[in-house]
Every structure is written in structure tokens, then in C-alpha cells.
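These notes concern the structure reproduced below.
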Amino acid sequence: MAVETISLPSIDLANFPAELGKLTAAATGMGCFRVSNHGIPVELMTEAKAVASSFSQLPDDKKLGNNDVFIGSGFRSRTAFTPLLESFDWPCTMRLNVYDYTEESIGLQAAQLHTDSGLLTVLLEDEIGGFEVVDQTGKFVAVHPQPGTFLVIIGDVGKVWSNGKLRNVQHQVVCTQAAPRVTIVFNVASPKDGVVEPHAALVDEEHPRLYRPLNFVEYRKLRDTTESRDGSALLLWQADE
Ligand SMILES: O=C(O)CCC(=O)C(=O)O
Ligand SMILES: [Fe+2]
């Protein structure tokens with residue numbers, strides 16, 4: 001069944017504080033939004049993706065030689081779970097995703113359903129589309145691409161830090177056309193000391209503390225080892241009160 005396609009609210013970064021209400025509504029509502037007027041030239045965005053694509057065209061021995069330079073970093077080849085996706089990962093910093101689509105892959109899931117683990121993610125996509133989010137009613141909706149903008153996705157740390165106010169939106173990628181798709185993910189991960197807890201200003205009698213302090217490295221390890229990348233691992237950090 002085809003999913004509905006929506007356009008995300010676009011926040012004009014050159015129009016603050018006027019856009020603050022719109023930003024808050026998007027971050028606490030769906031948990032993702034676009035940003036425009038970000039000051040990064042379109043030519044640079046296009047060039048960055050061309051470079052990402054050229055990495056993927058390197059011979060396999062070169063790519064595999066850059067695997068796990070430190071744990072979880074570097075080249076990630078296709079797996080049984082992600083047969084359409086190769087990525088190059090600088091953990092907690094950035095990731096290049098290169099999707100290899102053919103006619104046969106149309107309709108298939110190209111990136112598994114997950115939340116992002118950090119505070120937020122800034123995603124550079126393209127006109128190919130296929131990014132889907134779970135909306136507040138639990139339904140998948142496809143997000144209409146808008147070249148020249150960045151897509152911002154709230155992650156698990158964002159949810160903890162905001163004491164549950166910001167929504168860590170679940171998302172996936174589905175192949176919708178037989179064309180190469182390249183995306184670049186910039187991660188804004190966690191505070192420098194790696195520990196995140198609900199901000200005091202967002203905790204009061206009406207809004208009791210929802211989470212215990214969370215060590216980001218420990219949290220990511222747990223997400224990976226238990227294959228619970230859909231945000232459900234946060235339950236283990238729920239406050240007892
Ligand atoms: O490639 C995309 O559009 C999204 C990728 C993604 O969600 C991720 O790398 O965390
Ligand atoms: Fe993601």
C-alpha cells in the first residue's frame with residue numbers, strides 16, 4: 001500500500017526569533033523539519049555528494065582496508081539486512097550513505113527502521129526521495145524531498161535532554177526509483193563529557209524527571225549489541241519515580 005507523502009515544515013534560519021514557534025512545534029510534534037537559508041551554497045552540497053559517490057566507486061580492497069580503523073568506523077559494506085546500502089562512518093560525526101538501486105529494488109526497505117541516537121542529525125538528501133517517518137499516530141509517511149534544504153531529525157539524546165518534550169522520530173528509507181541515491185548525515189551527538197540528563201529548566205512538579213543520566217557511549221553500545229535501534233532502549237534509562 002502506497003504511503004502518503006507529506007512536505008515537512010521548513011524553518012527559515014535567517015528569520016529568528018520569528019521562526020521559534022514553528023521550530024518548537026516541529027521538534028516537539030513530528031520530530032523532524034527542514035531548514036532553509038542555512039548559508040551553505042548549493043554547489044558545495046552537490047560537490048559533497050559527488051565526493052561521497054566517488055568513495056563508493058573505489059575498488060573493494062581499498063574500501064575494506066578502511067574498515068574498523070577504530071571500532072565502528074570507516075567503510076560499512078552491504079549486509080543481509082542492508083543489501084542496497086554502503087556507508088562510510090565517522091561515528092558521532094558524519095556518515096556517507098550510498099544506495100545502489102535497480103528496478104528490482106523498487107519497494108524494498110533500503111535502511112532499517114530506527115531512531116538516531118544523538119541530540120539531532122542534519123541530513124543532506126537529494127531529489128530521489130524514499131525517506132519515511134513514523135508520524136504521531138504511528139503511521140508511516142513519506143517525506144517529499146526539497147533540494148537545497150537540510151532535513152533535521154531529533155534523536156534519542158534530544159528526547160532525554162528535553163525530558164521527553166522533543167520527539168525522537170523513527171525513520172527508514174524505502175527504494176522508490178531505480179536511480180543512485182546518496183545522502184550525508186551530520187551527527188550532533190551528546191555533551192562533551194558524554195553524559196546527558198533532563199535539563200533542570202524542563203523538570204518541575206508537573207513534569208517529573210523522566211530519565212536517569214545517560215552515558216552516551218554506553219547507550220550506543222547497548223543499542224548495537226541488543227539490535228534495538230528503534231529508540232526502545234531508552235526504557236532502560238527511565239527514572240524510577
Ligand atoms: O539516507 C537517508 O535518507 C537516511 C539515513 C539515516 O537515517 C541514517 O543514516 O541515520
Ligand atoms: Fe537515521
Side-chain angles (χ1 to χ4, degrees), residues 3 5-8 27 30-35 45-46 48-53 55-56 72-79 81-101 105-135 140-159 166-190 216 219-220 223-224 227-234:
V3 299
T5 300
I6 59 156
S7 288
L8 289 175
M30 184 74 91
C32 63
F33 50 89
R34 293 193 177 281
V35 291
M45 295 165 81
T46 307
K49 294 213 311 179
V51 172
S53 187
F55 268 128
S56 161
S73 78
F75 177 60
R76 296 255 152 263
S77 51
R78 296 152 212 269
T79 65
F81 291 119
T82 53
L84 306 175
L85 171 65
E86 268 187 8
S87 53
F88 302 82
D89 210 348
W90 289 262
C92 304
T93 310
M94 79 183 280
R95 175 166 54 255
L96 314 177
N97 291 319
V98 180
Y99 298 86
D100 185 17
Y101 290 164
S105 48
I106 294 175
L108 298 181
Q109 192 189 47
Q112 285 178 285
L113 182 69
H114 65 281
T115 57
D116 291 343
S117 56
L119 175 69
L120 58 81
T121 301
V122 179
L123 179 69
L124 167 53
E125 351 119 80
D126 51 25
E127 61 288 345
I128 303 300
F131 186 82
E132 293 187 359
V133 298
V134 177
D135 74 8
F140 280 105
V141 288
V143 171
H144 194 262
Q146 204 182 317
T149 65
F150 287 94
L151 204 160
V152 179
I153 304 162
I154 303 292
D156 297 343
V157 164
K159 177 155 188 177
L166 300 180
R167 179 165 186 259
N168 54 342
V169 60
Q170 293 180 326
H171 53 280
Q172 64 178 12
V173 178
V174 172
C175 169
T176 53
Q177 49 176 306
R181 181 171 188 270
V182 177
T183 63
I184 305 184
V185 175
F186 303 93
N187 300 301
V188 182
S190 73
F216 187 57
Y219 177 66
R220 274 184 55 98
R223 263 177 61 118
D224 287 344
E227 298 273 339
S228 50
R229 300 195 184 91
D230 60 356
S232 55
L234 278 186

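Heads up: numbering here begins at 1 and tracks the sequence. Start at 1 and go down the list; that is how both ligands and their atoms are numbered.
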Here the atoms of ligand 1 under 4.0 Å from any heavy atom belonging to Thr183 are 1 (O), 2 (C), 3 (O)
At under 4.0 Å between heavy atoms, what of His171 touches ligand 1? The answer is side chain
The reported gap from NZ in Lys159 to CG in Leu234 (rounded to nearest 0.5 angstrom) is 7.0 Å
Among N, O or S atoms, His171 approaches the Fe ion (ligand 2) most closely through NE2
Note: Val133 and Cys32 closest approach over all heavy atoms is CG1-SG, 4.0 Å
Heavy atoms of Thr5 and Val143 approach each other most closely as CG2-C, 4.4 Å
At under 4.0 Å between heavy atoms, what of Asp116 touches ligand 1? The answer is side chain
re atom 1 (O) of ligand 1, the protein heavy-atom contact at minimum distance is Tyr99 OH, 2.6 Å
Smallest heavy-atom separation, Arg167 atom then Val134 atom, equals NH2-O, 2.8 Å
- Query: Does one side chain, of Ser56 or Ser53, offer a donor that lies under 3.5 Å from an acceptor on the other?
  - Reply: no
* Asked: Are Thr121 and Arg95 close enough that a side-chain donor and a side-chain acceptor fall under 3.5 Å?
  -> no
inquiry  = Can you confirm whether Tyr99 sits close enough to Thr183 that some side-chain heavy atom of one is under 4.5 Å from a side-chain heavy atom of the other?
reply    = yes
Checking heavy atoms under 4.0 Å, the part of Thr121 that sits near ligand 1 is neither
Closest heavy-atom approach to atom 3 (O) of ligand 1 among Gln172, Glu125, Arg181 is made by Arg181
Residue, atom and distance of the protein heavy atom nearest atom 8 (C) of ligand 1 read Arg95 NH2, 3.3 Å
Under 4.0 Å from one or more heavy atoms of Phe131, ligand 1 contributes atoms 3 (O), 4 (C)
The protein heavy atom nearest to atom 5 (C) of ligand 1 is Asn97 ND2, 3.5 Å
Checklist entry - Do Asp89 and Ser87 have a side chain donor and acceptor closer than 3.5 Å? => result no
For the Fe ion (ligand 2), the nearest N/O/S atom on Asp116 is atom OD1
Residue, atom and distance of the protein heavy atom nearest atom 4 (C) of ligand 1 read Val173 CG2, 3.7 Å
